[in-house]
Amino acid sequence: MGDLNPQLLQLIEAEFERVGSQPMPEPIHTQRGLLGEGGTGASAAGGGSGAAADEDPMDDLFPRQDLGALIGPGVYKKLGDANWKERKAALEEILSALEGANHRILPNVSADLYTALKHRLQDPNKNLITVALGVLGSLSADSGAALVPNIRIVALATIHCLADKKPQLRAAALAAMTAWAEATPLCVDQAVLPTIPSALGDASPELRSSLLQWTADVLGPRNAKGGRLPDMSSLITPLFACLQDRNLEVRKQATRVLELTVISCGFETVHDACGMQLHGAAKAAVAPVIEEFRHSIGGEGGSPAARRSAGASVPVRGRPGGPAAAIERAASPAVEPVMTASELLGRAPSAATAATQGRPMLMGAASPSASSPKAAPAAQASASGPGMLRRPLAVRRPAGPPGAPAAGARPARAMRGPMSATGSAEVSRPGSSMRTGTPTLQSQASQLARMSNEELEAIPPILDCDFRSKDQRARRDMTGNPNGIPRWAQLGDSRVRADLESQLCEQAAAHFNPLIQRQLFSTGHYKDRDYLSGLTTIEEVVSIPALSQQRFGLPLFSPSPDMDSLAARFMANLDILLKYISLRMYEGSTHTLLKSFDLLERLTHLTEENQQQQQQQGQASWSDYEVQAILPALVSRLGDAKEVVRARSRRILTQLITHLYPMTKLFTVLLEHGVTNRNNARIRQESLESVCFLIRERTAGCGLSAVCAQPNRAVPIIAQGIADRDSNVRTATLNVLVAVGEQLPGGAEDLWRLCGRIGEKEKTMLEEKIKRSSIATDPAPAAARPGSRIGMMSSASVAAARSRIGSSIARPSSQASGA
């Protein structure tokens, strides 16, 4: 203003003096951030301008638009199309709509869109999964909100994407989850956090480390700013498993989340859960880590007692009462025994309890009037506790002497016997008869049909341990095959496979949880996803016994063979499981096939552990009926185009089944279904290699008789492979014959005799193979072999025999000319 002339400067100063006493005008445009931070100023004093201050200033420039009107209803059909190009076009259409709306949409995105995007997170095309994750993140970022009901739909499927080996896909999943947390922090507490315990059950180190790091990065700043952490008691048990993980990064990130869990729940809650759940080496590894956070609880989080009372009411894996209460129930079975699903379905519901809860009650629950004074408050707390995910299966028995029914209750099934000395209910296993007044199977089925999915999730996958039913199924299958050849060896025929699947579905309906049975035999468009879900649920019951006991109230193994247990139920219905795995080996995606292999391996380990637990009772291995349901399918998978499938089949056949089934019978199955297979050369090659492995590695110094009961019949069948058109089959056949010769007392001489009549060309190939093998190069081959007759001769006879064996390497036809 120094450049102005005095007259203009005087005029400006006079104008300022005139308006200097007037109040400042109210602002027309405001900023949401300034209003939220200060909360004072002209806009706050203006009174009527508060409504205008709540609006986004960008709404005037770029108004928010309705995404549903932009994309139209046809995009949902395209997202579920079988053609991947159509699905990709639908995802690109959504992204184009978001860009056309300047990335500003109304926060009213339909839940149907999230459901359709959830299915795309399991798309076989990994590129489409990455695009779908980008769409999920953009929906929250562009709308400025992440609605909790919508995020609940896709939270678990998004977390499972973190298990992928591709870093780009994992980064996209983390970006989507971060967008949810930034848009609406509440969705982390109510939608994402409840799914983390089940997601951590996956043993993938990528998933565990990424998920734990994301959890610490999201909740850590909130705690640093003095904010209140959500209730994290459901993470206590999964964190114990992660702290024992072999991966260093998983343990590191689990330690970060454990500190937040201690702050949220209290040190005593975590410390007591460690003392009750872990023992031995596991406790020694986890306890020092927890001890480091003894003084990590800040004043803003409340006292440890308050945190302990708040955390005790949150269930772990759907069990009410928190880990301490669940462990306390398991530690005192005599005071609070639990009921199995069979007994739970065997009693009439209580009218008072059903009226209180407002929905049908599970059969077997005692009424409040009949319950003991201590059990009634506990049952009421468990039924109404916050964070209830699943309805608990285990309910407390009414007070009274063991075996005495409650007042007004129907008699229990005969499947459960009188209470034992330890307080557990005994089970009369093999085919218990029904007592008078006990509900029939039809009434139980109708009761199960009326249950919701949440109630069915609290029931074990297998409902009974009736071994008599398995014996009846075995007799029925063998009676329907007069020649003794089971129909399950004919699964290659699609018509036979369809009939057997229908029959197996009916058998499973009588012994399996209806929810699991519907998933295993789904016929919808996404049936592979249902197959995978059902197999995963069954596999988790066996692989995580501690969590299964908390969830279902049944131990994996029982101290007595007359008591109910999860292992007993699996053994009683093992044939159904093996038959189902055989079906999925012929029909199903690669993911379903690999999960079937996982379950089969778990079943083999479970059988071995069950034999060790029941060693005094002399439990037998797998029977011929059970093995014949799975071995032909395993042999057929030896010809799969994928190496990982062939390797898993080889391992199960040669390393796991051998502990449960005689190797002589396994040798015969490999010959019948593998070596003589004329449709697939790779099956013949892999079967021959498996036979060679058994001969060389499983004889244990007992000779060929340890793996082959009738060499005079088996060796000629094997020798026919020398004339096979495939070179790999010919090579594998020669290796098997040489391995057989190494186990024979007479070496090459006995091998020529067992081979029988073979062509001139095949004789030449076998002779050349023997010359380059240990049979010809060993200075004393026969004396070193088990069961050799030469080893018991005199020294002179041994020398003569050695010279005779050296000359016998030539073909039998050449011996006459040499003489």
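Electrostatic pairing of D245 and R208 counts as a salt bridge here, judged by a charged N lying under 4.0 Å from a carboxylate O. Taking 4.0 Å as the cut-off between side-chain N and carboxylate O, R650 and E643 count as a salt-bridged pair. Looking at K527 and D530, no side-chain N of the basic residue comes within less than 4.0 Å of a carboxylate O on the acidic one, giving no salt bridge.
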Worksheet item: Run the salt bridge (charged side-chain N to carboxylate O under 4.0 Å, His left out) check on D471 and R476 step by step: do they pass?
Response: CA-CA 9 Å; D471 297 338; R476 192 159 47 243; over 6 Å; no

Practice prompt. Before giving the answer on salt bridge (charged side-chain N to carboxylate O under 4.0 Å, His left out), spell out for D726 and R684 the whole-Å C-alpha distance, their side-chain angles and the decisive distance to 0.1 Å.
Written response: CA-CA 10 Å; D726 190 275; R684 298 195 297 273; over 6 Å; no

Discussion item. Run the salt bridge (charged side-chain N to carboxylate O under 4.0 Å, His left out) test on E501 and R584 for me, step by step, so that the C-alpha distance in whole Å, both residues' side-chain angles and the decisive distance to 0.1 Å come before the verdict.
Written reply: CA-CA 10 Å; E501 183 171 4; R584 296 287 80 87; 3.6 Å; yes

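Put simply, the side chain of L737 reaches to within 4.5 Å of the side chain of I722, judged on heavy atoms. D477 has its side chain within reach of K579: a pair of non-hydrogen atoms, C-beta onward, lies under 4.5 Å apart. Looking at L600 and L578, their side chains come closer than 4.5 Å, going by heavy atoms from C-beta outward. For the pair K470 and N573, the minimum side-chain heavy-atom distance is 4.5 Å or more.
The backbone N or O of A641 sits less than 3.5 Å from a side-chain atom of R646, completing a donor-acceptor pair. Under a 3.5 Å cut-off, the side chain of R569 and the backbone N or O of C465 do not form any donor-acceptor pair. S548 contributes a side-chain N or O that, together with a main-chain N or O of I544, makes up a donor-acceptor pair within less than 3.5 Å.
Contact record, D81 with N83: OD1-N, 2.7 Å, taken as the closest heavy-atom pair.
Within 6.0 Å of the CZ atom in R678, the count of heavy atoms belonging to other residues, nucleotides or ligands exceeds 12.
Under the side chain to side chain contact (heavy atoms under 4.5 Å, CB included) criterion, T676 pairs with I717, not counting sequence neighbours. In this structure, the ring-ring contact (aromatic ring centres under 6.0 Å, His included) partners of Y526, at least two apart in sequence or on a different chain, are H119.
Between F521 and Y580, a ring centre-to-centre spacing shorter than 6.0 Å is recorded.
In this structure, R698 fails the cation-pi test against F693, since its NZ or CZ atom is not both closer than 6.0 Å to the six-membered ring centre and inside 45 degrees of the ring normal.
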